[in-house]
Amino acid sequence: MAERLKGNDAGAWLRKLKPSNSNTRISVGGGPSARTSVGTSPVASASQSSSSDNLGMTSDRLRLRMVERVRQQGVEHEGVLNALATVYRHRFVDPALASRAYEDGALPIGHGQTISQPWVVARMLAALCEQQIPTKVLEIGTGCGYQAAVMANVFAHVYTIERVRPLYDIAKPRLRDAGLRNVHCQFGDGMLGWSSKAPFDAIVVAAAGLSIPQALLDQLAVGGKLIAPEGDKVQRLIMVTRQSEHQWVRNELEAVRFVPLKPGVQN
Ligand code: SAH
């Protein structure tokens, strides 16, 4: 989960959020630098289940409006924006919250976690696609599975790890039922990465640690990129590029607010 916090009084805005850790952006600075590049066409069709839901056809309108907002907030990568337009975000939250699924924020998904703010998802994925679209990408923090579903429409192979068993138990069949066969889920501690599937062209971390776990840096392919929030009360998105076997270069991006990255698993 992640959100973006707007305006100068980020604190006041933050206090309004429930839960207070919520995968959002903290302040609007110079704006994201994601440059325009037309992505490949979606590699996975999100043939999402046609089961009835609260929103019905209005969701198409709301979703397109959400995508336009994200575009206005500086994300220009067409492949990522198309993926955002494709995935039914309201099916990744509790039906009672479905009417709020296309608002610009994080929403609770249970177990103290949240679904990430659409802008944060788009910002992170667009940043990974700046030079070229990575093929094999690892996500740490599956949560409800929303970001993994968006990723499945941008990248050829998606691997995702969740440490909270009940969230994993919901996300895995949800992604399968959405027909996203290029997403592979694992229950476990994502701080350890997924060594048997490494190296990854890119890694996206959806929870904030005090530092980026070395195992993840080691599982990045040379030339690969990792994006992760870092910090405790004050957090920033960090982009790390692996330049060589022994050299990683880091760049700091926007201030954000994510739920904590925790070691071990929760059953
Ligand atoms: N990607 C999700 C965001 C979920 S919130 C979305 O689409 O909205 C972040 C998630 O990271 C939570 O579900 C939390 O349980 C998980 N998490 C935290 N530490 C983790 C770890 N070490 N390994 C795997 N998942 C972790």
Side-chain angles (χ1 to χ4, degrees), residues 1-4 17 19-25 46 66 70 80 83-84 87-94 97 100-125 128 137-155 158-172 174-175 178 180 183-195 203-216 219 226-230 232 235 237 256-267:
M1 55 128 226
E3 245 181 344
R4 163 190 198 171
L17 291 170
S20 59
N21 282 328
S22 49
N23 290 15
T24 52
R25 180 177 183 177
M66 176 190 84
V70 170
V80 171
L84 230 53
V87 177
Y88 292 176
R89 192 168 189 257
H90 64 279
R91 292 194 180 154
F92 289 81
V93 296
D94 189 277
L97 294 173
R100 295 176 54 199
Y102 298 102
E103 292 172 6
D104 201 15
L107 291 171
I109 56 172
H111 306 276
Q113 310 302 323
T114 61
I115 182 173
S116 295
Q117 181 192 31
W119 178 86
V120 167
V121 171
R123 168 62 174 136
M124 293 203 290
L125 302 186
L128 294 177
V137 184
L138 174 66
E139 176 193 44
I140 309 303
T142 317
C144 61
Y146 173 69
Q147 179 167 275
V150 175
M151 290 168 70
N153 282 273
V154 180
F155 309 121
V158 176
Y159 295 84
T160 180
I161 308 176
E162 174 55 54
R163 69 176 291 279
V164 176
R165 172 65 88 177
L167 291 177
Y168 166 83
D169 284 344
I170 291 173
K172 188 181 163 115
R174 179 182 273 158
L175 289 163
L180 301 168
V183 183
H184 308 278
C185 299
Q186 189 188 81
F187 169 62
D189 179 2
M191 291 172 77
L192 307 174
W194 193 332
S195 58
I203 299 178
V204 49
V205 186
L210 293 180
S211 61
I212 295 166
Q214 186 61 41
L216 298 182
Q219 290 177 26
L226 174 149
I227 191 161
E230 194 185 70
D232 180 12
Q235 299 174 6
L237 277 182
V256 284
R257 171 64 98 187
F258 277 69
V259 291
L261 185 68
K262 293 185 179 170
V265 295
Q266 181 183 324
N267 275 293

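The residues of the chain are indexed from 1 along the displayed sequence. All ligand and atom numbering here is 1-based and tracks the order in the structure.
A heavy-atom distance below 4.5 Å is found between the side chains of Gln117 and Asp104. At a threshold of 4.5 Å between non-hydrogen side-chain atoms, the residues Val121 and Val204 do not count as touching. Counting heavy atoms from C-beta outward, Val205 and Pro213 have side chains that stay 4.5 Å or more apart.
Close approach of ligand 1 to Leu167 is summarised as follows: ligand atoms under 4.0 Å from at least one heavy atom of the residue are 13 (O). Short contacts between ligand 1 and Val164, defined as distances under 4.0 Å to a heavy atom of the residue, involve ligand atoms 15 (O). Each of the following atoms of ligand 1 lies closer than 4.0 Å to a heavy atom of Tyr146: 7 (O). Interface of Lys262 with ligand 1, defined as ligand atoms under 4.0 Å from a residue heavy atom, comprises 18 (C), 19 (N), 20 (C), 21 (C), 22 (N). Ligand-side atoms of ligand 1 in range of Glu139: 1 (N), range being under 4.0 angstrom from any heavy atom. Near Ala207, with a cut-off below 4.0 Å to any heavy atom, the atoms of ligand 1 are 11 (O), 18 (C). Every atom of ligand 1 with a heavy atom of Val259 under 4.0 Å away is listed here by number and element: 5 (S), 9 (C).
For the ligand labelled ligand 1, residue His111 lies outside the 4.0 Å heavy-atom shell. Ligand 1 lies out of reach of Ala106, whose nearest heavy atom is not under 4.0 Å from it.
Between Ala122 and Leu84, the shortest heavy-atom distance links the atoms CB-CD2, 3.9 Å.
Of the possible polar contacts, none joining the Gln235 side chain to the Val259 backbone as a donor-acceptor pair under 3.5 Å is found.
In this view, Ile212 and Leu217, Leu226, Ala228, Glu230, Ile238, Val240 satisfy the side-chain contact (heavy atoms from CB on, under 4.5 Å) rule, not counting sequence neighbours.
Both the backbone and the side chain of Gln147 come within 4.0 Å of ligand 1, judged by heavy-atom distances. Contacts of Thr114 with ligand 1, taken as heavy-atom pairs under 4.0 Å, involve the backbone alone. Looking at Ser116 against ligand 1, both its backbone and its side chain come within 4.0 Å, counting heavy atoms. Contacts between Pro263 and ligand 1 below 4.0 angstrom, taking non-hydrogen atoms only, are absent altogether.
Because its NZ or CZ atom is not both nearer than 6.0 Å to the ring centre of Tyr102 and within 45° of the ring axis, Arg89 does not count as a cation-pi partner of that residue.
Closest heavy-atom approach to atom 2 (C) of ligand 1 among the candidates Ile115, Thr142, Thr160, Leu261: Thr142.
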Steps toward side-chain contact (heavy atoms from CB on, under 4.5 Å) verdict (Ile140, Met191) | CA-CA 8 Å; Ile140 309 303; Met191 291 172 77; 5.8 Å; no
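An N or O contact shorter than 3.5 Å links Gly141 to ligand 1 by distance.
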Atom pairs and distances, side-chain donor-acceptor, residues 158-167, under 3.5 Å, sequence neighbours left out:
from	atom 1	to	atom 2	distance (Å)
Thr160	OG1	Glu139	OE1	2.6
Thr160	OG1	Thr142	OG1	2.7
Glu162	OE1	Thr142	N	3.3
Glu162	OE1	Gly143	N	2.8
Glu162	OE2	Val164	N	2.9
Arg163	NE	Lys262	O	3.3
Arg163	NE	Gly264	O	2.9
Arg163	NH2	Pro263	O	3.3

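The line from NE2 of His90 to OH of Tyr146 is 11.5 Å long, rounded to the nearest 0.5 Å.
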